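The structure appears below as structure tokens.
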Amino acid sequence: MYNEELLHKKLRFALQKIDIDVKEDFIIIEAAKDKIHGDYASNIAMKLASKLKTNPRALAQQIIDSIDKEGLDKIEIAGPGFINFFMSNEILSNVIDRVLNTNDSFGTGDKKTGKLINLEYVSANPTGDLHLGHARGAAIGDSLARILKKAGYSVIREYYVNDAGAQILHLGESLKARYFELYDKKYDLPEDGYQGEDIIEIAKQFKSKYGDKYLEESDENIEIFKEFGMEKELDKLKNDLNEFRVNFDVFSFETTIRQGNVLTNLANTMKDYIYKKDGATYLATSKFVDDKDRVIIKSNGEATYFWPDIAYHLNKLSRKATNLIDVLGADHHGYINRMKSALMMNGYREESLEVELIQMVRIVKDGEEVKMSKRLGNAIKLRDLVQEVGIDAVRYFFVSRDAATHLDFDLELALSQSSSNPVFYAQYAYARMNNVLSLSTIPLNDKYNLLIDETEFSLMKSLSEYDKIVQDAAKERAPYKICNYIQKLSGYVHEFYAKCRILDVNNVDLTGARLSLIKACSIVIKNALELIGVSAPEKM
RNA sequence: GUCCUUGUAGCUCAGUUGGAUAGAGCAACAGCCUUCUAAGCUGUGGGUCAGGCGUUCGAAUCGCCUCAAGGACACCA
């Protein structure tokens, strides 16, 4: 049980004693910002006073009188009615043993029963390399998956491949054009075709597999180009993502989803909301939470992206997912309510789908924005960026801020190995702790009453916050909170390191206790870095 | 025009869901290595929390209005 939990419980019992019954999350314990306010504080007396129309300080006194004071050095009323808690050293140092005993699994939350989260992210079309926008979605999606699991949720990580649309046709034609070029034959690159270098590379592979077998001009062989191109592109995506430490449990293909008469059946079950107008088929999403109806089948008979995607979301739900989370680019904003509406037509709650919008990444170079276009093949690729600045820096950079905020990616800063990068700060803290531990021949001990320096208390309090941070980050779908925590803990580590000499052969007891403390710190830093997919180097 | 996101120190961002004197990191300046890694630490300066009105014991946080930036409003994906 961590400190906030303990105080929470104490407060609830105290309130029960004086016949006040409140909901559990009405009680808020917060870490005090200033040391003169103790270690933790609660505003419960003020919140209750306005409800019960009594004096907050008097109420606070009543609560204090009836609270169990074990483990507390002091408890006092301050300001307008805050209750400040001063924890005993023994309670504060409990966390060290808790970390050392649980090790890697420290911070793991209780299993959330009856919940299965399906988390879809990246889902980039296999028509080219991943660019920075995808990379941010990948880093955030993958980190979120790790955090949710740590917090106790069951998670399925999923990638949706649109292998049935016009984009793949363009890919096939672009590949065909490049293949023809290798034989000095002309095949017009379609206007919307892909011009990236990677297509030329794939064309060479195509040639070495099939030779000149598919050089006829007819349109009939386009399928073979589509399939070959997609397979190669998808392999590349998987490789890049894998190297970026981003993984998936399931790849779902559009062609598989709409196999057989899935869409016909769906049209049947949803027929009450489907109508024809101007030769197109519409879905009456505006009957729910959308602001207008949406086309599902164009007048030329082709399905829109939306239509099979409904089938896909229903498919995910049919696999027992209780919560769907889509990590999408901010430009998909208009898509949210139409998909929610479609799901509601099928009897699901609006909340069964949650969308995390990833705001645009703007690339800035020489003070000016660099425009990206995947089609023209001039986009900054994830692979290139990773090669320049390393996986750790890229992942940390993309995750360290709220997904909803715009991200200016300064190309020069990112492409130069810069010591101002916060990831080094954290890794350095870890490496330092690790170095001291490896140098020492003094055994760890649990004489934590010897740890009385300010910086040591900061570390202990920081460690005991970890459980709560993990839960918060999971609940709010906010991986950046882990980064904030890492910075804070690393800062305390550096402060402690600068102020307190750890290894001292003349004081084995204190040294042993300090070694236990820094061992715990190194475990938690590594643990937290793992949640955002960043490595913890033993040496730097 | 409607909707979404954002607006906090020169720059990049936090701010524990309404709490106490608004915080970090860069950048600037001044210090700290005979001792476990100076990729570090300590200190100084830096603020109309975009602006206004309201809600209450209390607002950067909640509500309304205004301003600014970006995005979305397809028989595109």
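These numbers come from a predicted model, not from an experiment. Lettering follows sequence order; numbering is per chain, from 1.
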For this session: Using a 4.0 Å heavy-atom cut-off across all strands, classify Ala431(A) as base, sugar-phosphate, or nothing.
Result: base
For this session: Let me know, please, whether Ile28(A) or Ile502(A) comes out on the 5' side of the other along RNA chain B by nearest nucleotide.
Result: Ile28(A)
Exercise. Any side-chain N or O of Lys539(A) less than 4.0 Å from the OP1 or OP2 oxygen of rA39(B)?
Worked result: no
Exercise. Taking any strand in view, what nucleotide pairs with rU55(B) in a Watson-Crick or G-U wobble way, both distances under 3.5 Å?
Worked result: none
Problem set entry | C1' spacing across the pair rG43(B) / rC64(B), given as an integer number of angstrom | 45 Å
Exercise. Does Lys33(A) have a side-chain nitrogen or oxygen under 4.0 Å from the phosphate oxygens OP1 or OP2 of rA20(B)?
Worked result: yes
For this session: Report the nucleotide, chosen from rC75(B), rC36(B), rA20(B), that has the shortest atom-to-atom distance to any side-chain atom of Val295(A).
Result: rC75(B)
Exercise. Between Tyr466(A) (OH) and rU16(B) (C1'), how many Å, whole number?
Worked result: 17 Å
Exercise. Which is true for Asp402(A) with a 4.0 Å heavy-atom rule: it touches a base, it touches only sugar-phosphate, or it touches nothing?
Worked result: sugar-phosphate
Exercise. For Ala41(A), which contact category applies under a 4.0 Å heavy-atom criterion: base, sugar-phosphate, or nothing?
Worked result: base
Exercise. Do the side-chain N or O atoms of Lys292(A) get closer than 4.0 angstrom to the phosphate oxygens (OP1, OP2) of rU2(B)?
Worked result: no
For this session: Looking at every strand, decide which applies to Ala32(A) at a 4.0 Å heavy-atom threshold: base, sugar-phosphate, or nothing.
Result: nothing
Exercise. When the C1' atoms of rG46(B) and rU12(B) are considered, how many whole Å apart are they?
Worked result: 16 Å
For this session: For Tyr40(A) and for Met540(A), locate the closest nucleotide of RNA chain B by heavy-atom distance; then report the residue assigned to the nucleotide nearer the 5' terminus.
Result: Tyr40(A)
Exercise. Distance check: side-chain N/O of Arg501(A) vs OP1/OP2 of rU35(B), anything under 4.0 Å?
Worked result: no
For this session: Without swapping roles, check the side chain of Thr285(A) against the backbone of Lys292(A) for a donor-acceptor pair under 3.5 Å.
Result: yes
Exercise. Are Arg258(A) and Glu254(A) close enough for a salt bridge, meaning some N to O gap below 4.0 Å?
Worked result: yes
For this session: Among the candidates rG40(B), rU5(B), rA74(B), find the nucleotide nearest to the side-chain atoms of Gln359(A).
Result: rU5(B)
Seminar exercise, completed: Of Lys316(A), Arg477(A), Lys340(A), the one forming a salt bridge (charged side-chain N to carboxylate O under 4.0 Å, His left out) with Asp326(A) is Lys316(A)
Exercise. Quick one: are Ile325(A) and Tyr121(A) in side-chain contact, heavy atoms under 4.5 Å?
Worked result: no
Problem set entry | Spacing between Phe26(A) atom CZ and rU17(B) atom P, to the nearest angstrom | 13 Å
For this session: Check every strand shown and say whether Glu476(A) touches a base, only sugar-phosphate, or nothing at a heavy-atom separation below 4.0 Å.
Result: base
Problem set entry | Under 3.5 Å donor-acceptor pair, Asn84(A) side-chain atoms to rA20(B) base atoms | yes
Problem set entry | Rounded interatomic separation in angstrom, taking CH2 from Trp307(A) and P from rC75(B) | 17 Å
Problem set entry | Interatomic distance at P, rG70(B) relative to rA24(B), whole Å | 32 Å
Problem set entry | Same-atom distance (C1') from rC49(B) to rA14(B), integer angstrom | 13 Å
Exercise. Does rA38(B) have OP1 or OP2 sitting under 4.0 Å from an N or O in the side chain of Arg432(A)?
Worked result: yes
Exercise. Taking only N and O in the side chain of Tyr425(A), is any of them less than 4.0 Å away from OP1 or OP2 of rC41(B)?
Worked result: yes
For this session: Please determine if Glu476(A) and Lys481(A) form a salt bridge, counting it only when a charged side-chain N lies under 4.0 Å from a carboxylate O.
Result: yes
Exercise. Using a cut-off of 4.0 Å on non-hydrogen atoms, how would the nucleic acid contact of Ser299(A) be classed: base, sugar-phosphate, or nothing?
Worked result: base
For this session: Could you tell me whether the side-chain ring of His333(A) sits stacked on the base of rG71(B), using a centroid cut-off under 5.5 Å and a plane angle under 30°?
Result: no
Exercise. What interatomic distance, in whole Å, is found between P of rC29(B) and the corresponding atom of rU5(B)?
Worked result: 42 Å
Exercise. For residues Gln427(A) and Tyr396(A), is any side-chain donor paired with an opposing acceptor at under 3.5 Å?
Worked result: no
Problem set entry | Anti/syn call for rU8(B), syn if |chi| within 90° | anti
Exercise. So, does His134(A) use its side chain to make a donor-acceptor pair with the main chain of His131(A) at under 3.5 Å?
Worked result: yes
For this session: Indicate yes or no: does Lys236(A) engage Glu233(A) in a salt bridge with an N to O separation below 4.0 Å.
Result: yes
For this session: Return the value, rounded to whole Å, for the distance between atom OH of Tyr492(A) and atom P of rG40(B).
Result: 18 Å
Seminar exercise, completed: In whole angstroms, the gap separating C1' of rU5(B) from CD1 of Ile336(A) amounts to 11 Å
Exercise. Taking atom P of rC75(B) as reference, at what distance in whole Å does atom CD1 of Ile296(A) sit?
Worked result: 13 Å
For this session: With C1' as the reference atom in both, quote the distance from rA60(B) to rA9(B) in angstrom, rounded to an integer.
Result: 14 Å
Seminar exercise, completed: From CD of Gln487(A) across to P of rG23(B) the rounded distance in Å is 19 Å
Exercise. In whole angstroms, how far is the P atom of rG23(B) from the CG atom of Asn484(A)?
Worked result: 16 Å
Exercise. Using atom C1' of each nucleotide, how far apart are rG19(B) and rU56(B) to the nearest Å?
Worked result: 13 Å
Problem set entry | C1' spacing across the pair rG45(B) / rG10(B), given as an integer number of angstrom | 12 Å
Exercise. For Ala330(A), which contact category applies under a 4.0 Å heavy-atom criterion: base, sugar-phosphate, or nothing?
Worked result: sugar-phosphate
For this session: Establish, with yes or no, whether the OP1 or OP2 oxygen of rC76(B) is under 4.0 angstrom from a side-chain nitrogen or oxygen of Lys298(A).
Result: yes
Exercise. Is the shortest side-chain N/O distance from Tyr480(A) to OP1 or OP2 of rG15(B) below 4.0 Å?
Worked result: yes
Problem set entry | Identified pairing partner of rU61(B), criterion: Watson-Crick or G-U wobble below 3.5 Å | none
Problem set entry | Syn/anti state for rC33(B) [syn: chi within 90° of 0] | syn
